[in-house]
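Notes follow the structure.
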Amino acid sequence: MSTPPAAAPRGTIAAYPLLTLTALLWAGNAVAGRWAPGHVSPQAITTLRWGVACAVLGVLSHRKVRAEWRLLRPHWLLILLMGGLGYTAFNSLFYAAGAYTSAVNLALFQGAIPVLVIVLNYAVLRAPVTWGQGLGVVVTLLGAALAATRGDVAVLRDLAFNRGDVLIFCACLLYAGYTVALPYRPNVSGLTFFTAMGGAAFVTSLPPLAVEWSLGRTIWPGPEGWALLLFVALGPSLAAQLCFMRGVELIGPNRAGLFVNLVPIFGAGLAVLLVGEPFGRTEALALALVLGGIVCAERLGRKPAGAADEAATRRRGRAGR
């Protein structure tokens, strides 16, 4: 008789609302990104969003950063790489891809992030993948594709891939790598680590901004641009990243990555609320598939008596302590 899946530890249950909020804020970031052209240029919004986030973090965390600086400093190269690649490069490539490819392609490629997380986690760290996790990935990916195409199979048949798709795939690969690296972050509080990461993202965003400015393509924000900027700085850049880091610490990168596929679902929901687009059977089925895939991965993919990779994750991370 097979051993039933172990019940989720009480502490890990907190990861679910945190990761759901993360996906909701990232969906809002996609909506803001569609409104941004003409109000603020891609590199300007990338630099300014992290500048605002760093200003807020400086107020909130300066005492913790001073107290933990000795533990943080030896890991400056890892922090620079994670902030520069996972935040700055991802945002820059994502915004650049939007100029060449469709919103459907952007949503579909983002749905590949959970797959890339699992592949990288196995290739680099030899982290095992359960059949339940694999099933969950497939089901959530189907839901994301359904949400992105609105159930029109012809959209998939007629897709034409271009350099924008290469850019968004590279962006997703970078963020998957960042997700896999999160459990190995320095043994400092989550707030201290994220402050350092935000600083790295801001510093590494300056050279691309200089290039954009030298080409005469920089658009500085006006009133509407600043409204968008404040939202993406305080929501997707600040709150969402803190929630995502904590979620990865609680349940590991493989399981946390599945929640990324909620982004196109929430994007469709925000379109209903903000733009008045209809919410019908297709959208409801997509939502059911994504949620069903997450449930599969959580119920069928968990190892008996507590997953070893979860325990290792909690030993390596100390976010929020």
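Owing to the predicted nature of the structure, the values given are computational and were not obtained by experimental measurement.
Summarising the geometry of Gly190 relative to Leu242, their closest heavy-atom pair is O-CD2, 4.2 Å, with the distance given to 0.1 Å. What you find for Ser205 and Thr47 is that their closest heavy atoms are OG-OG1, 3.1 Å. Residues Ala256 and Val248 come closest through the heavy atom pair CB-CG2, 3.8 Å. Of all heavy-atom pairs between Ala233 and Ala53, the closest is O-CB, 4.0 Å. When every heavy atom of Ser237 is checked against every heavy atom of Phe194, the shortest pair comes out as O-CZ, 2.9 Å. Across every non-hydrogen atom of Cys243 and Thr22, the tightest pair is CB-OG1, 3.2 Å.
In this structure, Phe231 has its ring center at least 6.0 angstrom away from the ring center of Trp226. In summary, the aromatic rings of Tyr178 and Tyr87 are positioned with their centroids under 6.0 Å apart.
Neither Leu206 nor Trp213 shares a network with the other; the hydrophobic side chains, linked directly or stepwise wherever heavy atoms of I, L, V, M, F, W or Y lie under 4.5 Å apart, form separate groups for each. Phe90 and Val211 end up in different hydrophobic clusters when Ile, Leu, Val, Met, Phe, Trp and Tyr side chains are linked at under 4.5 Å.
At a threshold of 4.5 Å between non-hydrogen side-chain atoms, the residues Phe259 and Ile251 count as touching. Inter-residue side-chain proximity for Val65 and Leu191 is flagged as unmet; no heavy-atom pair is nearer than 4.5 Å. Within the 4.5 Å cutoff, no side-chain heavy atoms of Tyr175 are placed close to those of Val117. Using a 4.5 Å heavy-atom cutoff, the side chains of Val52 and Leu230 are in contact. With a 4.5 Å cut-off on side-chain heavy atoms, Val40 and Trp220 do not count as touching. Residues Leu48 and Pro221 meet the side-chain proximity criterion, which asks for heavy atoms closer than 4.5 Å.
Of the inter-residue distances, the one linking Thr179 atom OG1 with Met82 atom CE reads 8.5 Å to the nearest 0.5 angstrom. A distance of 11.0 Å separates CZ in Arg185 from CG in Leu78, rounded to the nearest 0.5 Å. Leu25 contributes atom CG, which lies 10.0 Å from atom CD of Gln241 (distance to the nearest 0.5 angstrom). The structure places CG of Leu234 at 11.0 Å from CZ of Arg49, a figure rounded to the nearest 0.5 Å. Rounded to the nearest 0.5 angstrom, Leu167 CG and Cys172 SG are separated by 11.0 Å. The line from CD1 of Ile219 to CD1 of Ile45 is 11.0 Å long, rounded to the nearest 0.5 Å.
Between the side chains of Ser189 and Thr192, at least one donor N or O sits under 3.5 Å from an acceptor N or O. No donor-acceptor contact under 3.5 angstrom links the side chains of Thr218 and Gln43, judged on distance only. Ser41 and Arg217 share no donor-acceptor pair across their side chains, judged by distance under 3.5 Å alone.
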Walk me through whether Trp50 and Val203 qualify under side chain to side chain contact (heavy atoms under 4.5 Å, CB included). CA-CA 9 Å; Trp50 287 111; Val203 169; over 6 Å; no
Please determine whether side chain to side chain contact (heavy atoms under 4.5 Å, CB included) holds for the pair Leu71 and Asn187, giving the CA-CA distance in whole Å, both sets of side-chain angles, and the decisive distance to 0.1 Å. CA-CA 7 Å; Leu71 299 173; Asn187 189 16; 5.9 Å; no
side-chain hydrogen bond (donor to acceptor under 3.5 Å, both in side chains), that's the test. Do Thr46 and Ser92 meet it? Break it down for me. CA-CA 7 Å; Thr46 299; Ser92 298; 4.5 Å; no
List the steps and the verdict of side chain to side chain contact (heavy atoms under 4.5 Å, CB included) for Leu182 and Phe193. CA-CA 10 Å; Leu182 266 181; Phe193 178 65; 4.0 Å; yes
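When atom types are taken as modelled, the side chain of His62 and the backbone of Val59 share a donor-acceptor pair closer than 3.5 angstrom.
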